[in-house]
Amino acid sequence: MEFNNFDSATDDKSNLNGDCSPPPTKQAFDMNHTKNIDDISTPSELKFDEDFDFEDPEISEKRKEIERCIQNPDSVNLEKWQQFAKSKGGLISDDYRKVVWPLLVGVTQEEMTEPPSLDDLSTHGEYNQVVLDVNRSLKRFPPGIPYEQRVALQDQLTVLILRVIIKHPDLKYYQGYHDVAITLLLVCGDRASFPLLCRLSCGPRAPLQPFMQTTMAPTQHLLNYMLPVIRRADPDVADCLEKAQVGTMFALPWYLTWFGHSLNRYSDVVRLYDYFLCAPPLFPVYVTAAIVLHRGGEVLRCDCDMAMLHCLLSRLPDDLPFEDILVTAEKLYLENDPEVLEPEVAALERREAEVRRLDEERMKRRQAAARNRRNPPARRWPSLLKALSSRRALLATATVLLGVYVYYRPELLFIRHHEDTLGEL
Amino acid sequence: MSETTSHQIPGLTQKKVFKIIVLGDSGVGKTCLTYRFCEGQFLDKSEATIGVDFRERTILIRNEEIKLQLWDTAGQERFRKSMVQHYYRNVHAVVIVYDVTKPETFHSIVSWMQEVESHGLTNSPRVLVGNKCDCGTPESRLATTYAQRAADKYGMPLFETSALLDSECDNVESIFMTLAHKLYSKQPLRVVSVEGDQSYGVVTLPRHKSRAAPPPRDSCLCS
Ligand SMILES: Nc1nc2c(ncn2[C@@H]2O[C@H](COP(=O)(O)OP(=O)(O)OP(=O)(O)O)[C@@H](O)[C@H]2O)c(=O)[nH]1
Ligand SMILES: [Mg+2]
């Protein structure tokens, strides 16, 4: 709790030395690149309310239609709500979302019950981790929110999370769950967000359920659908990612939090939630693929290097055209059903297992080499040395052996493979 | 993938890259420490790290530019096994952080060390960092002598510091600089980054032919 109230706005210093030095050519993401996304000391970076002077007439029309439906909800079926949520602009405003989100996942008024008090829940085993994460979620609150109000919301957030994992003890809390919970809480309030979060977390097709298992292996597996989707749309980009072995870690927070953790613009987050609340559980992975494809040019221009690519991809630009990205993702999903991709995912996982195996072998070699250095083999071969007791014989043998060795491995005299060298560091 | 070797050479950027992984329980201040080192200030709105974050900074050692890559990992147990494993590849040095106001984070060092060893990093330079020295009273903080004993046992230097205090900036600096110097002086051969190299940018070439150390296997014959 101790450092909650550091609200003073310090200068936004984008250090040249900072995160990743910007590659020389690119313009589009330079801004995002040099500036640390974690640093939101200037409130303007987190944009909550975007008051447009001008609204797209199409959206104004949609607004009216949604309002009509909300006034007369009994005459509206689920498909209609889903259509609003998915089509351009999504549900437009939080006033509508507050009503429609519960409908999208089938939460009823009766389920929206009064939450217990925080004191009743503080003995839970995950309490400390949850509080630690909730205390560090300042970035997700509207800037300028009064201190008391924010602290009250943070308590509600802790209660909300603990309520779910107490009700479903088989579900394990993960860091990032709080980012989903807070989005629901900010939009729907504490009574509605509990059944909503339960729906998303528990049940065979609940989208967050795979993240809440004892290990992250199920999540890892689902993220592995990303690369095959990318490969089918743009093999060059896929090659680049695979060659650099960048893995899927850059997209892990996106998937675990439905982008809530990683986007600076609140309006983008809730727009995506509109869609995800009525999409198949794996859909966010297709959005991930669509984002990587959208940035394909940057990926290809970037050094094909794990660190550089991880750095480039993990920081999302502020100006991603999410409406287009959602359309692309939908198209990718229709063209590449998860079931169809299964063999490709399996092949990818086999390749990765092989790389891991080689890594492990290399590590064992390193360890053995380190042991040998501490314990030179010469000392372990006294009998051999005794046999070669004559100095001359020893010298001659050594020369011959070295000659033979160099004959077969001449490269060793000049270039040593890096991994062995690094092992000595 | 191997066909690229011929045009790799022009892409050689003669900059050494040292890869450092930062470990420790959730909330001990790993993100704040790496931010302090790379950005020179306290990250006042740090967030839970999900997976692995990356930061880097270029430093000068004997007028040579060195790139320090810091991999800031998530502290929560569940991210460690399947997820973070990938990021141990080709790590050169390790920073283990604990919170001086939370003894349990200090006791976790045992399991972090096991993890380090299981990744074959027993001989890599490592440092132990007790963070949040600005917090609490001297009595409530973990005693330095106690921490020092553990550090000695594992053969690593101990730093006590605070990512929060501007006055500790130099101290944070020296944590990473110590590692960098150690890596710099220990490296027998050149570590340079190569564009397009499969093993993501680290390859070694002998600095001078004559100084190329003989392979360890025949050391008993040559010595
Ligand atoms: N007083 C004090 N607080 C600190 C210091 N360093 C970090 N903190 C606070 O401790 C909390 C955790 O810091 P982080 O850097 O996010 O912790 P972490 O180790 O990265 O945690 P995970 O990402 O969950 O693994 C934050 O609220 C920081 O503000 C410090 O030196 N002094
Ligand atoms: Mg962190």
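So you know, we letter chains A, B, ... as the sequences are listed, proteins then strands, and number each from 1.
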Between B:Gln76 (side chain only) and A:Gln175 (backbone N and O only), is there a donor and an acceptor less than 3.5 Å apart?
yes

Only counting residues at least two apart or in another chain, list the ones meeting side-chain hydrogen bond (donor to acceptor under 3.5 Å, both in side chains) with A:Glu349.
A:His221, A:Asn224

Taking A:Asp359, A:Asp133, A:Leu223, A:Leu256 one by one, which has the highest count of heavy-atom pairs under 4.5 Å against chain B?
A:Asp359

Tell me which of these, A:Gln213, A:Glu360, A:Lys364, has more heavy-atom pairs under 4.5 Å with chain B than the rest.
A:Gln213

Would you compute the distance between atom CZ of A:Arg136 and atom OG1 of B:Thr49 and round it to the nearest 0.5 angstrom?
6.5 Å

Check whether the side chains of A:Gln129 and B:Ser26 place a donor and an acceptor atom closer than 3.5 Å, and report yes or no.
yes

Answer whether the closest heavy-atom distance between the side chains of A:His310 and B:Trp71 falls below 4.5 Å.
yes

Interchain contact, A:Asp179 with chain B, by part (heavy-atom threshold 4.5 Å)
side chain

When rounded to the nearest 0.5 Å, the distance separating CG of B:Asp53 from SG of A:Cys311 is 9.5 Å

Which region of B:Leu121, side chain (C-beta onward) or backbone (N, CA, C, O), has a non-hydrogen atom less than 4.5 Å from a non-hydrogen atom of chain A, or is it both or neither?
side chain

Quick one: of B:Arg80, B:Glu77, B:Arg78, B:His119, who has the most non-hydrogen atom pairs under 4.5 Å with chain A?
B:Arg78

Go through the atoms of B:Glu117 and report whether side chain, backbone, both or neither lie under 4.5 Å from a heavy atom of chain A.
backbone

Verdict with reasoning, B:Glu56 to A:Met308, per side chain to side chain contact (heavy atoms under 4.5 Å, CB included):
CA-CA 10 Å; B:Glu56 77 174 19; A:Met308 288 304 113; 3.4 Å; yes

Region of A:Glu352 that comes under 4.5 Å of a non-hydrogen atom in chain B:
neither

Indicate the atoms forming the closest heavy-atom contact of A:Val246 with B:Tyr87, along with that distance.
O-OH, 3.3 Å

Could you check A:His261 against B:Glu47 for side chain to side chain contact (heavy atoms under 4.5 Å, CB included), going step by step and ending with a plain yes or no?
CA-CA 9 Å; A:His261 184 81; B:Glu47 288 183 285; 4.0 Å; yes

Starting from the C-alpha separation in whole Å, work towards a yes-or-no answer on side chain to side chain contact (heavy atoms under 4.5 Å, CB included) for A:Leu252 and B:Phe79.
CA-CA 10 Å; A:Leu252 180 70; B:Phe79 289 106; 3.8 Å; yes

With a 4.5 angstrom heavy-atom cut-off, which part of B:Ser118 approaches chain A: side chain, backbone, both or neither?
backbone

What one should report as the nearest heavy-atom pair of B:Gln69 and A:Ala307 is NE2-CB, 3.3 Å

Which atoms of A:Tyr173 are under 4.5 Å from chain B, going by heavy atoms: the side chain, the backbone, both sets, or neither?
both

Should A:Arg356 and B:His86 count as side-chain neighbours, where that means a heavy-atom distance under 4.5 Å?
no

Ignoring hydrogens and geometry beyond distance, is a side-chain donor-acceptor pair present between A:Gln245 and B:Arg89 at under 3.5 Å?
yes

So, for B:Ala48 and A:His178, which heavy atoms are closest and what is the spacing to 0.1 Å?
CB-CE1, 4.1 Å

List in chain and number order the residues that pass side-chain hydrogen bond (donor to acceptor under 3.5 Å, both in side chains) with A:Arg351, two or more places apart in sequence or in another chain; answer none if no residue qualifies.
A:Glu242

At a heavy-atom separation under 4.5 Å, does A:Thr214 approach chain B through its side chain, its backbone, both, or neither?
backbone

